[in-house]
Every structure is written in C-alpha cells, then in structure tokens.
Engineer: 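Before anything else, here's the structure in question.
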Amino acid sequence: MLAVHDPTSRKLDPTAAPHARCWIDVVAPTDAERATLRELGVPDELVKDALDADELARVDHHETGARLFVLRVPAAADANTEVVPLGVVTLPSGTIVTISAADTGIPRSLAAAYVDAKTPTRFSLDLALHVAERFVATLHAIERDVARLEGKLRAALENDEVLALLEQQKRLVHLDTALTVNQLVLERALH
C-alpha cells in the first residue's frame, strides 16, 4: 500500500498522488508501487534492503544521492511481537519514503503528530522517537506478561509456563539487541 502524507489532515492518504518534496509511506509494495517509487528516483536496491526481514539498523548513502536510514522496530506494541525493519529513504529532491514489509502503525502515529517532512534529518529523529516509544510500550507489555506467567508458575509448576517464560526472555533479548543497534545507528547519524 502506498500513501502520501497530507500535512493538513495529518493523515496518510492512499488516494493522493506522490509528488516531489512529499512524504510517502509504503507497506509491502506491489510491483506497480515499486515502479512508482522508481519513477520518483528511489533506487531498487534501497527498497529491497528496507524490505529485507534480516536487515540490521544502519545508515547508508547511495551513489544517486539518496540515503537509507533503517531502524529495527517492534511490529506491534504487544508482548508477542516480532522486530522488523523500517526504512526511510530520503532523496535529493526532498522526497521522503518510509518503507516496511509489515504495517507497524508507526508511520500513521508519526503522521498524526506534528511532522516536519520537509527536513529529512528532523523527520528521521521524529521517527526514531516514535520507534523508541513503541519499544517502551512493547517492553511494558512483556513485563506485564512475564509477571502474569510468574504468577501462574508459582501456582503450578508446569512445563507450559516455563516454556512461555523462556519465549518472553527470547523476545526481550531480540528487543534489547535491536535497541542497541538502533542506538549505534543514531549516534553515527548524529556525527
């Protein structure tokens, strides 16, 4: 799905036509949407990188002048979520494109907030703030789930509760790793 940010309504409009110096959000793009991105000057390899489920957080500069900024984000703010990449491609024309394989809801929440989509650096920092807020919400959900599982575990020592607790521990490790890598990328971006 391809949607264009409307600063007046603070929404991502799937019916609006993309144009220069706008913010475009793309989720699991179709071949036609990829062609539209190519027409706007978004290099195919940057789109491919942003959609790669194993892509790590990083900042990259393309020979065309485009920049790719990838953060790892929780797909949802719940205890059973996975961490997925969310890419931001900024073009020399001033166009900003957020790309993800899964609908995380972060671009919608960013659109609803006051967003300066005319300044790519400010936009990327606002996005990083929304990602950090999602991590905090996800960590709170996991903490609540761990407390619930610990209560069950105290009541009845069954393998199911132990296994569920171990699964949550693995999720915490994934979130911690993603946060650490995001921090390194943000520090690099500031320099």
Side-chain angles (χ1 to χ4, degrees), residues 1-53 55 57-60 62 64-78 80-138 141 178-179 182 185-186 189:
M1 181 188 82
L2 187 142
V4 177
H5 179 247
D6 178 3
T8 307
S9 68
R10 293 188 178 174
K11 291 185 180 175
L12 292 167
D13 184 0
T15 63
H19 55 281
R21 300 198 57 76
C22 70
W23 167 28
I24 303 165
D25 180 51
V26 186
V27 177
T30 63
D31 290 338
E33 291 167 340
R34 285 181 182 224
T36 301
L37 293 176
R38 260 191 308 281
E39 290 171 13
L40 290 168
V42 179
D44 283 332
E45 55 266 26
L46 297 186
V47 173
K48 184 178 147 259
D49 288 350
L51 294 172
D52 181 359
E55 188 69 32
R58 66 186 176 102
V59 176
D60 195 12
H62 192 266
T64 61
R67 291 187 181 152
L68 174 65
F69 177 61
V70 179
L71 289 175
R72 302 281 299 172
V73 303
D78 63 47
N80 298 316
T81 192
E82 295 297 320
V83 180
V84 298
L86 174 63
V88 179
V89 176
T90 56
L91 301 175
S93 66
T95 301
I96 298 172
V97 183
T98 50
I99 305 170
S100 61
D103 184 8
T104 63
I106 290 175
R108 277 193 308 279
S109 70
L110 189 59
Y114 174 75
V115 173
D116 184 4
K118 293 182 175 106
T119 309
T121 303
R122 179 66 188 178
F123 179 87
S124 296
L125 291 174
D126 285 341
L127 176 73
L129 176 64
H130 278 75
V131 168
E133 289 169 351
R134 171 64 61 85
F135 269 104
V136 169
T138 303
L179 270 173
N182 284 355
V185 168
L186 289 172

Engineer: So among Val84, Leu86, Ile106, which one has a side-chain contact (heavy atoms from CB on, under 4.5 Å) with Ser100?
Structural biologist: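 Going through Val84, Leu86, Ile106 one by one, the side-chain contact (heavy atoms from CB on, under 4.5 Å) with Ser100 is satisfied by Leu86 alone.
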Engineer: Please report the closest heavy-atom contact between Thr138 and Pro74, naming both atoms and the distance.
Structural biologist: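 Nearest pair, atom of Thr138 first, then Pro74: OG1-CB, 3.4 Å.
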Engineer: Using every non-hydrogen atom in the two residues, find where Glu55 and Arg72 come nearest and quote the distance to one decimal.
Structural biologist: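 That closest heavy-atom pairing would be O-NH1, 2.9 Å.
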Engineer: For Lys48, is there an ion pair with Asp52 - N to carboxylate O distance below 4.0 angstrom?
Structural biologist: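 Lys48 and Asp52: not salt-bridged.
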Engineer: How long is the straight-line distance from CZ of Arg108 back to CG of Asp25, given to the nearest 0.5 Å?
Structural biologist: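 Going from CG on Asp25 over to CZ on Arg108, the span is 8.5 Å.
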Engineer: I need the minimum non-hydrogen distance between Gly87 and Ala50, along with the two atoms involved.
Structural biologist: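 In this case the closest contact between Gly87 and Ala50 is CA-CB, 4.0 Å.
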Engineer: Could you tell me whether Asp44 and Arg38 make a salt bridge, using a distance below 4.0 angstrom between a side-chain N and a carboxylate O?
Structural biologist: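 Yes, charged N to carboxylate O under 4.0 Å.
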Engineer: Would the distance check show the side chain of Thr98 and the main-chain N or O of Val88 forming a donor-acceptor pair, the cut-off being under 3.5 Å?
Structural biologist: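 Pair absent, no side-chain N/O of Thr98 close to backbone of Val88.
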Engineer: Looking at Val73, Leu110, Leu179, which one forms a side-chain contact (heavy atoms from CB on, under 4.5 Å) with Val131?
Structural biologist: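 Single pass found, and it is Val73.
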Engineer: Which heavy atom of Ala111 sits nearest a heavy atom of Leu12, and at what distance?
Structural biologist: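 In this case the closest contact between Ala111 and Leu12 is CB-CG, 3.9 Å.
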Engineer: Looking only at heavy atoms, what is the nearest atom pair of Leu51 and Ala101, with distance?
Structural biologist: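 Looking at all heavy atoms of both residues, the shortest contact is CD2-N, 3.6 Å.
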Engineer: Can you find a heavy atom in the side chain of Arg58 that is under 4.5 Å from one in the side chain of Asp49?
Structural biologist: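 Contact flag for Arg58/Asp49 side chains = yes.
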Engineer: Considering non-hydrogen atoms only, spot the tightest contact between Ala66 and Val89 and give its length.
Structural biologist: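 Heavy atoms only, the tightest pair is CB-CG1, 4.3 Å.
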Engineer: Can you tell me how far CZ of Phe69 sits from CG of Leu125, rounded to the nearest 0.5 angstrom?
Structural biologist: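 With rounding to 0.5 Å, CG (Leu125) is 7.0 Å from CZ (Phe69).
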Engineer: Would you say that more than 12 heavy atoms from the other residues, nucleotides or ligands in this model lie under 6.0 Å from the CD of Glu45, or not?
Structural biologist: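 More than 12 within 6.0 Å, yes.
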Engineer: Please tell me if the side chains of Leu40 and Ile24 come closer than 4.5 Å, counting only heavy atoms from C-beta onward.
Structural biologist: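 Leu40 vs Ile24: side chains touch.
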Engineer: Can you measure from OG1 (Thr104) to NE2 (His130) and round to the nearest 0.5 angstrom?
Structural biologist: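 Rounded to the nearest 0.5 Å, the OG1-NE2 separation comes out at 11.0 Å.
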Engineer: Is there a donor-acceptor pair closer than 3.5 Å between any side-chain N or O of Arg134 and the backbone N or O of Ala75?
Structural biologist: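 A pair under 3.5 Å: yes.
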Engineer: Quick one, Asn182 with Phe135, criterion side-chain contact (heavy atoms from CB on, under 4.5 Å). Give me CA distance, side-chain angles, the key distance, then yes/no.
Structural biologist: CA-CA 11 Å; Asn182 284 355; Phe135 269 104; 3.6 Å; yes
Engineer: Hey, does the side chain of Glu33 reach the backbone of Leu2 with a donor-acceptor pair shorter than 3.5 angstrom?
Structural biologist: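 Side chain of Glu33 to backbone of Leu2, a donor-acceptor pair under 3.5 Å: yes, one is there.
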Engineer: What's the spacing between Arg21 CZ and Ile96 CD1 if we round to 0.5 Å?
Structural biologist: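 Here the interatomic distance stands at 8.5 Å.
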Engineer: Between CD1 of Ile99 and CG of Leu68, what distance do you get to the nearest 0.5 Å?
Structural biologist: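 So the CD1 of Ile99 and the CG of Leu68 are separated by 7.5 Å.
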